[in-house]
Amino acid sequence: MHPARRSTLGIAATIALLAAACQAPAPQPAQPSAPQQAQPATQEREFITWYQYDETNTDPKSDERVGNEYLRKTIPLFNEAFKGKWRWVNQPQPFDQMATRLTAAVQAGGEVPDLMQSSDANLIPFLKNGVVQDLTDWIKAQPWFDDLDPSAVAACTGPDGRIYCVPVAMTPQIVFAWKDYFPNGYPKTPEEFKQVAEQLKAKGVYAITFFGSTAFDGEGTTRFTNTLIKSFGGTFDDGQGNMKLDTPENRAAIEFLREIIAAGYVHPRSWDGTTTPFIEEEPMKTAEAASFPTGIFGYRYVNPLKAPNGREYNKGNEEDMLDAITNGDVFIAPFFAPEGRKPGCGTGVTGFVIPNGAKNPEAAKDYINWIMSKEQNPDWVLGPGGGFPALRSMLPEIEARMPVAKAFYEQAAAAVAASECRPWYGTLERRNEAKKIIQTAIFKLVKEDPTADISAVLKAAEEEYNKGN
């Protein structure tokens, strides 16, 4: 949610069990038949998926090792369950190119997968370009549909009221923080943050690190900028599909960001992601930075860890962060916000789409039902999902399977409940273009030219986007 990675809440979770396995028909007496009457054996067909993970990559240092390992373990399980019918073949795609590649393939009438992992952020562009199938009638007929969180279903619903994606995990934005640096909890207001940051600075510790670069076509918009802007009461749109950035709230957020950068509270690696992807995570791993606002899925990537007290978490997987939270070295919190406002929180879903032109859509539907089963869903949510389960009954199942995740989910749920969570893009339809324009403008104002006129830069960014409306 790296270079092939990464890719949000009524959050509870067990899943409605799938329909019981079909009973085998009663055995019939064997009847002799002539050779010409013999029925040919069912031919096993390929089921093609596009994930951002590569099961053939066994590098333990790979940024996507969690997803890679998930597919490596799960593909054989699916193939055994559907032996003689489907054989799962994954075709890995770079996470930041999946949507554009699928759109191009569908429009060209080329080869497309039977199923692709996707997020709600791609929904409107996909609908405008005729990329994905309408799943409304099918999904509503499934035994697990009523267990889906309504907000997750809404995120997969188009303007026409039809459902075009299957939500499996919800991924809100939260803050990971080192307890030793914030013994009284994470700051509640910008003023409190600055006070604590000054104390940390005296100890040689940066108060925060974040995705501040323009890497991956403005991904920082969704990882940090949105959280900051929304916490100050700002927004990116006018509610009518136009970009609107030059507002008092947005200007106040940018002025605050300029202030804490100038004061030396922000780790300098926050800006280096363009040359070294996701380098902003490193200061959190080594406790050089005290906090890291990002998506909840960050727990899979921020490892290994070394706490301020010297304790090391060095398994090199998602359990490093989960163990650190369970032990009390790291805690999860909402972002801070000016007095009288709730913290901002981006949110979205990740799940599946079935492209138009898919050769075996029935394989995709068999696969989705398999993933939504109690046996398979927890592993998908903990692996490729990296968030809360969209199936409201599934959380206890996940915690039972992975007890070390219990504190993580409890704290994340409390942080989200204390925040105002909504998709970052509002009514903006050209979302990939929008996030690039937004992050480029913010980067210019706080890093390239911190003396530039804020209103002028924001107005220019608005005009750049709106001319395409």
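F210 is listed as a side-chain neighbour of L257, based on a closest heavy-atom distance under 4.5 Å. Contact of the T103 side chain with the P125 side chain is not registered, since no non-hydrogen atoms from C-beta on lie closer than 4.5 Å. Side-chain atoms of K406 and E410, non-hydrogen and from C-beta on, do get closer than 4.5 Å to each other. Residues C345 and F335 have side chains not in contact (no heavy-atom distance under 4.5 Å, counting atoms from C-beta outward). Side-chain atoms of T286 and K306, non-hydrogen and from C-beta on, never get closer than 4.5 Å to each other. In this structure, V131 and N356 have side chains that are not in contact, with every pair of non-hydrogen atoms separated by 4.5 Å or more. When side chains are defined from C-beta on, I124 counts as touching R431, because their heavy atoms get closer than 4.5 Å. Looking only at side-chain heavy atoms (C-beta outward), Q376 and T74 come within less than 4.5 Å of each other.
Salt-bridge formation is detected for the pair D329/R311: a Lys NZ or Arg NE/NH1/NH2 atom is positioned less than 4.0 Å from an Asp or Glu carboxylate oxygen. Between E280 and R269, none of the side-chain N atoms (NZ, or NE/NH1/NH2) sits under 4.0 Å from a carboxylate O, so this pair counts as no salt bridge. We find that E192 and K188 are not joined by a salt bridge, their nearest charged nitrogen and carboxylate oxygen being 4.0 Å or further apart. With salt bridges taken as basic N to acidic carboxylate O contacts below 4.0 Å, none links E198 and K194. Salt-bridge formation is not detected for the pair K73/D379: no Lys NZ or Arg NE/NH1/NH2 atom is positioned less than 4.0 Å from an Asp or Glu carboxylate oxygen. A salt bridge links E420 with R422: at least one charged nitrogen is closer than 4.0 Å to a carboxylate oxygen. A salt bridge does not link R258 with E255: every distance from a Lys NZ or Arg NE/NH1/NH2 to an Asp or Glu carboxylate oxygen is 4.0 Å or more. A salt bridge is defined here as a Lys NZ or Arg NE, NH1 or NH2 lying under 4.0 Å from an Asp or Glu carboxylate O, and D134 with R162 meets this definition.
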Report the C-alpha separation of S455 and D246 in whole Å, then their side-chain angles, then the decisive distance to 0.1 Å, and conclude whether the side chain to side chain donor-acceptor pair (under 3.5 Å) test is met.
CA-CA 6 Å; S455 286; D246 186 28; 3.0 Å; yes
Under the ring-ring contact (aromatic ring centres under 6.0 Å, His included) rule, what do Y409 and F388 come out as? Steps first, then yes or no, please.
CA-CA 8 Å; Y409 279 114; F388 288 101; 5.4 Å; yes
Can you check salt bridge (charged side-chain N to carboxylate O under 4.0 Å, His left out) on E448 and K444, steps first, answer last?
CA-CA 5 Å; E448 290 182 337; K444 178 177 181 178; over 6 Å; no
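You'll find the ring centres of F176 and F331 outside the 6.0 Å limit.
Listed by first and then second residue, the ring-ring contact (aromatic ring centres under 6.0 Å, His included) pairs involving residues 242-268 are Y206-H267, F232-F256, F256-F336 (not counting sequence neighbours). Residue pairs satisfying the ring-ring contact (aromatic ring centres under 6.0 Å, His included) criterion with at least one member in residues 416-469, sequence neighbours excluded, are absent.
Under the 3.5 Å distance criterion, the side-chain polar atoms of Q93 are left unmatched by any main-chain donor or acceptor of M98. Distance alone, capped at 3.5 Å, places no donor-acceptor pair between the N314 side chain and the P304 backbone. Under a 3.5 Å cut-off, the side chain of W178 and the backbone N or O of M284 do form a donor-acceptor pair. Not a single donor-acceptor pair under 3.5 Å links the side chain of N226 to the backbone N or O of R223. Side chain of D320 to backbone of L305: no donor-acceptor contact under 3.5 angstrom is found.
Ring pair F352/Y51 is perpendicular by interplanar angle, where above 60° counts as perpendicular and below 30° as parallel.
In this structure, a donor-acceptor pair under 3.5 Å is present between the side chains of E55 and N90. Between the side chains of D160 and Y164, a donor-acceptor pair is found at a separation under 3.5 Å. Residues N122 and S118 bring a donor and an acceptor atom of their side chains to less than 3.5 Å of each other. For the residue pair Q107 and N129, a side-chain donor N or O sits within less than 3.5 Å of a side-chain acceptor on the partner. Side-chain atoms of D237 and T427 form a donor-acceptor pair, as typed in the model, at a separation below 3.5 Å. Residues T225 and Q439 bring a donor and an acceptor atom of their side chains to less than 3.5 Å of each other. For the residue pair D449 and T451, a side-chain donor N or O sits within less than 3.5 Å of a side-chain acceptor on the partner. Looking only at atom types and distance, the side chain of D54 has a donor-acceptor partner in the side chain of T56 under 3.5 Å away.
Under a cut-off of 6.0 angstrom, the local environment of NZ in K342 is crowded, with over 12 non-hydrogen atoms contributed by other residues, nucleotides or ligands. Enclosure of atom NZ in K140 is not indicated, since only 12 or fewer non-hydrogen atoms of other residues, nucleotides or ligands lie within 6.0 angstrom.
Closest non-hydrogen pair, G387 versus V381, comes out as O-CG1, 3.2 Å. Of all the heavy atoms in A152 and V349, the pair that sits closest is CA-CG1, 3.8 Å. Nearest heavy atoms, S231 versus A337: O-CB, 3.5 Å. Across V106 and G130, no two heavy atoms sit closer than the pair CG1-O, 3.6 Å. Between K201 and A263 the shortest heavy-atom distance is NZ-O, 2.6 Å.
Separation of atoms CD1 (I368) and CG (L115) is listed at 5.5 Å; rounding is to 0.5 Å. Taken to the nearest 0.5 Å, the CD1 atom of I279 stands 7.0 Å off from the CG atom of D272. A distance of 5.0 Å separates CD1 in I332 from CD1 in I174, rounded to the nearest 0.5 Å. Atom CG of residue D96 and atom CG of residue N432 lie 9.5 Å apart, to the nearest 0.5 angstrom.
Every residue two or more places apart in sequence or in another chain was checked for a salt bridge (charged side-chain N to carboxylate O under 4.0 Å, His left out) with R65, and none qualifies. Partners of R430 according to the salt bridge (charged side-chain N to carboxylate O under 4.0 Å, His left out) rule, which considers only residues two or more places apart in sequence or in another chain, are E433. For F408, the ring-ring contact (aromatic ring centres under 6.0 Å, His included) partners at least two apart in sequence or on another chain are Y299. Listed by chain and number, the residues in a salt bridge (charged side-chain N to carboxylate O under 4.0 Å, His left out) with E282 are K285 (sequence neighbours excluded).
For the pair K179 and Y186, the cation-pi test (distance below 6.0 Å, angle within 45°) is failed.
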